[in-house]
Trainee: 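Take a look at this one; I'll ask things after.
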There are 2 protein chains.
Amino acid sequence: MKSKYMMIYNDLVSQIEKNKLKPNDKLLSENEFIKKYEVSRETIRKALNLLAQNGFIQKIRGKGSFVLDINKFDFPVSGLVTFKELSKKLNKNSITILDKLELKEPEAYIKKELNLENQKIWEVIRVRNIDGENIILDKDYLDSTVVEYLDEKICKDSIYNYLEDQKKLDISFAKKEITVEGATKEDYKLLDMKNFDMVVVVKSHVYLNDASLFQYTESRHRPDKFRFIDFARRNKNS
Amino acid sequence: MKSKYMMIYNDLVSQIEKNKLKPNDKLLSENEFIKKYEVSRETIRKALNLLAQNGFIQKIRGKGSFVLDINKFDFPVSGLVTFKELSKKLNKNSITILDKLELKEPEAYIKKELNLENQKIWEVIRVRNIDGENIILDKDYLDSTVVEYLDEKICKDSIYNYLEDQKKLDISFAKKEITVEGATKEDYKLLDMKNFDMVVVVKSHVYLNDASLFQYTESRHRPDKFRFIDFARRNKNS
DNA sequence: GAGTGGTCTAGACCACTTG
DNA sequence: AAGTGGTCTAGACCACTCG
């Protein structure tokens, strides 16, 4: 955030997103960046490595760093991103409908997913309406010992906003699993399923900075509207 | 590969995979690692940061680094991994059936996906049979100016093995897109579709180290057998 | 206060690309 | 030969956790 390499990273990301740096453009060399930002080489390299990791640039030894033509920003992207952040980027006409908000004893399988003892959980069921159609069903389960309070307003806006900005929780990482399953009665009831009989299910376990699990989520998508984009670098360690 | 931080990274990964380091175990501190491996701190930190990035450990300031309980290795995992590498990890009984191998003029949409001029392409169509069922249909299209030669043996084994080990190509990164589509006649013909009428489609654009695009792939999965696991860290830059 | 990880520096040597 | 990125070092200061 305030670290030098993060500021340089954010500066370059915004230049790429604003198209001030275009695909195939050559960045300044590391030595030129050193002069421009008045920092050491390793600091520049941290920023550039982050850009490479996230698919913005490709570094080529002996040649330089080049902007990639991966327009990840037209679509949903991998990573840990909230629905609100996404719909903002996509410029879609989206509404969130709160179907259920309840502090309750967890069902057995939720208890298992969240490794709970006797804590209660918040169950939040929300329907995402995009361009007039109910497309996504989000079912969230949050450990009430971590998240003591929730209300309708928070759920309709963004739970993560509240947790990060108000509660200062440090949401750190998630394990996500994508599968395709038969639609349930609940899916048919809450979503505009047309003639589809399957849904894409994204199950997430979300962890705080101290590696504690606090949230389990099932995000159920009508198959024709589901899209997941991933940028992957190849590992050749072994 | 031969770099110090990569050797340390691989050493620790193998300790975690062999369960010599168990979930929630505390790693040595950075200063202890310095003594153990006789390297500088930044070198240790490069190795540990790679582990954190890939979901093996969580670093907590003031406390230490801890092994995560993310059993990514039971399942398909995100990243740029070949079918052969995957099936080896999964210990499944898998067979590859070569349906088509042809050097030809590309169809218009392939030409577009690969930004081709007048090059011919290799079209490779393979069916993956797992535990006796035809589950996955892989359609590969490779730029023949990059990959001049292919044969049946290579396609039945692993194209990437050949390209990396024999041809010394540096496969670097890919953009992948996951969607769900209606099954085509080809899907019905080549896959054991049971009663399903949709397939999960993974479209990949694969690039070399010099950022040149050389392969486009469509991997079509029967929906009940598809599973994608992703480990994601949250970015809070903006 | 001692120990931990996070950031940053200045300098070194290397491998690779290009003119 | 000059310029590029890749690795590595030794040391510094900081913010955080914990007893």
Side-chain angles (χ1 to χ4, degrees), chain A residues 1-12 24-53 56-68 168-170 172-173 208-212 233-237, chain B residues 1-12 24-53 56-68 168-170 172-173 208-212 233-237:
Chain A
M1 198 69 60
K2 47 195 165 198
S3 67
K4 292 185 183 178
Y5 80 88
M6 261 304 176
M7 291 182 54
I8 296 170
Y9 170 78
N10 285 329
D11 187 20
L12 292 171
N24 300 317
D25 275 4
K26 187 172 179 301
L27 297 188
L28 297 183
S29 75
E30 295 180 351
N31 280 314
E32 291 168 320
F33 273 130
I34 288 171
K35 289 169 204 153
K36 175 169 176 189
Y37 288 110
E38 295 182 307
V39 295
S40 73
R41 185 157 166 238
E42 288 290 2
T43 300
I44 292 294
R45 286 179 55 73
K46 271 188 197 166
L48 295 183
N49 284 335
L50 250 191
L51 287 167
Q53 230 176 78
F56 290 100
I57 66 169
Q58 179 75 350
K59 309 177 77 178
I60 307 177
R61 203 207 313 248
K63 294 176 84 170
S65 299
F66 301 85
V67 179
L68 287 180
K168 302 295 176 197
L169 286 186
D170 205 345
S172 181
F173 62 92
L208 300 178
N209 174 263
D210 65 358
S212 66
R233 289 194 174 270
R234 180 152 172 81
N235 297 320
K236 268 164 305 199
N237 332 316
Chain B
M1 194 72 59
K2 45 198 167 197
S3 68
K4 292 186 184 179
Y5 79 89
M6 260 304 176
M7 291 182 53
I8 297 171
Y9 170 78
N10 285 327
D11 187 19
L12 292 171
N24 300 316
D25 275 4
K26 188 173 178 299
L27 297 188
L28 297 182
S29 75
E30 295 180 351
N31 280 314
E32 291 168 321
F33 273 130
I34 289 171
K35 289 171 205 153
K36 175 170 176 189
Y37 288 109
E38 294 182 305
V39 295
S40 73
R41 186 158 166 238
E42 288 289 2
T43 300
I44 292 295
R45 285 179 56 73
K46 271 187 196 166
L48 295 182
N49 284 335
L50 250 192
L51 287 166
Q53 228 177 82
F56 290 100
I57 66 169
Q58 180 75 352
K59 308 176 80 179
I60 307 177
R61 204 206 315 246
K63 295 176 85 169
S65 298
F66 300 85
V67 179
L68 286 180
K168 302 294 175 199
L169 286 186
D170 205 345
S172 180
F173 61 91
L208 299 178
N209 173 263
D210 65 358
S212 66
R233 290 193 174 271
R234 181 151 169 80
N235 298 320
K236 267 163 305 198
N237 332 314

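Chain identifiers are assigned alphabetically (A, B, ...) following the order of the sequence lines, protein sequences preceding nucleic acid strands; residue numbering begins at 1 within each chain.
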Trainee: Which heavy-atom pair separates A:T43 from A:Y5 by the least distance, and what is that distance?
Mentor: O-CB, 3.5 Å
Trainee: Identify the 5'-most and 3'-most nucleotides of DNA chain D with at least one atom closer than 4.0 Å to a non-hydrogen atom of chain B.
Mentor: D:dT7 to D:dC18
Trainee: So, for B:A52 and B:R233, which heavy atoms are closest and what is the spacing to 0.1 Å?
Mentor: O-NE, 2.8 Å
Trainee: I need the minimum non-hydrogen distance between B:N24 and B:F66, along with the two atoms involved.
Mentor: O-CD2, 3.9 Å
Trainee: Any side-chain heavy atom of A:S65 within less than 4.5 Å of one from A:K26?
Mentor: no
Trainee: Can you list everything that forms a side chain to side chain donor-acceptor pair (under 3.5 Å) with B:Q53? Sequence neighbours excluded, please.
Mentor: none
Trainee: For residues 33-44 of chain B, which residue pairs pass the salt bridge (charged side-chain N to carboxylate O under 4.0 Å, His left out) check, not counting sequence neighbours?
Mentor: B:E30-B:R41
Trainee: Between C:dC16 atom P and A:K59 atom NZ, what is the distance in whole Å?
Mentor: 16 Å
Trainee: Just how far, in rounded Å, is C1' of C:dA15 from CG of B:N209?
Mentor: 13 Å
Trainee: Which residues, if any, of residues 41-49 of chain B bring a heavy atom under 4.0 Å of DNA chain D?
Mentor: B:R41, B:E42, B:T43, B:K46
Trainee: Write down the distance between NZ (A:K63) and C1' (C:dA15), rounded to a whole number of angstrom.
Mentor: 15 Å
Trainee: With sequence neighbours excluded, what pairs up with B:N209 under the side chain to side chain donor-acceptor pair (under 3.5 Å) test?
Mentor: none
Trainee: How would you list, by chain and number, every residue that makes a side chain to side chain donor-acceptor pair (under 3.5 Å) with A:R61, sequence neighbours excluded?
Mentor: none
Trainee: Please report the distance, rounded to the nearest Å, between CD1 in A:I60 and C1' in C:dT18.
Mentor: 13 Å
